[in-house]
Amino acid sequence: MAVKNDLKKLRKEQRLKQADLAIAVGMCEKSISNIELEKNPASLETALRLAAYFKVSVEDIFHLEEEHTT
């Protein structure tokens, strides 16, 4: 299973730049980018900070997706 996220969609709905979101949650812009691109998973602390900022549950941002093997 892989962790997927809707962070970019949520950020864009709020008309936020990555830099603005990063400042608001105490991160660097590159970290936000890496989470959105699913290059690096968010830590539990980061997931909780993002959820609190957007006033949603962690599950509204992050979800598991089954990996299909062929």
Side-chain angles (χ1 to χ4, degrees):
M1 293 187 157
V3 176
K4 300 293 183 180
N5 73 74
D6 295 319
L7 182 57
K8 184 175 183 177
K9 177 184 169 197
L10 189 57
R11 178 179 59 78
K12 292 214 175 238
E13 286 173 356
Q14 299 291 319
R15 297 183 179 168
L16 287 170
K17 295 180 181 178
Q18 286 179 341
D20 296 330
L21 178 58
I23 290 167
V25 296
M27 299 176 68
C28 68
E29 183 178 349
K30 184 70 174 167
S31 294
I32 296 293
S33 174
N34 285 339
I35 293 168
E36 287 184 356
L37 294 171
E38 298 173 348
K39 288 184 176 181
N40 294 334
S43 69
L44 176 57
E45 179 181 351
T46 297
L48 291 169
R49 284 179 186 226
L50 290 166
Y53 177 80
F54 287 111
K55 297 181 175 82
V56 298
S57 70
V58 171
E59 292 84 0
D60 287 336
I61 303 173
F62 300 94
H63 55 276
L64 290 175
E65 184 175 283
E66 289 191 36
E67 294 179 10
H68 299 284
T69 56
T70 53

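What's counted below: heavy atoms across the whole structure, side chains too, no hydrogens, waters or symmetry copies.
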Partners of N34 by side chain to side chain donor-acceptor pair (under 3.5 Å), sequence neighbours excluded?
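Side chain to side chain donor-acceptor pair (under 3.5 Å) list for N34, sorted by chain: empty.
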Which heavy atom of Q14 sits nearest a heavy atom of F54, and at what distance?
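Heavy atoms only, the tightest pair is CG-CE2, 3.7 Å.
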Indicate the atoms forming the closest heavy-atom contact of A42 with A47, along with that distance.
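Minimum heavy-atom separation between A42 and A47: CB-N, 4.3 Å.
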Can I get a per-line list of side-chain donor-acceptor pairs under 3.5 Å for residues 15-32, giving both atom names and the distance, sequence neighbours left out?
from: Q18; atom 1: NE2; to: E36; atom 2: OE1; distance (Å): 2.7

Qualifying side-chain hydrogen bond (donor to acceptor under 3.5 Å, both in side chains) pairs, either residue in residues 37-49, two or more places apart
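Counting only pairs at least two positions apart or across chains, the side-chain hydrogen bond (donor to acceptor under 3.5 Å, both in side chains) contacts touching residues 37-49 are K4-E38, S43-T46, E45-R49.
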Suppose we screen for side chain to side chain contact (heavy atoms under 4.5 Å, CB included). Which residues come up paired with E13, at least two apart in sequence or across chains?
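Side chain to side chain contact (heavy atoms under 4.5 Å, CB included) check on E13 returns K9, L10.
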Sequence-distant partners of V3, side chain to side chain contact (heavy atoms under 4.5 Å, CB included), two or more places apart
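Partners of V3 by the side chain to side chain contact (heavy atoms under 4.5 Å, CB included) criterion, ordered by chain and then number, come out as F62, L64.
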Gap separating the CG atom of L50 from the CG atom of N5, nearest 0.5 angstrom
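The CG atom of L50 sits 9.0 Å away from the CG atom of N5.
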Verify the cluster assignment for V56 and V58: are they in a single hydrophobic cluster under the rule of side-chain heavy atoms below 4.5 Å apart?
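Yes, one cluster joins them.
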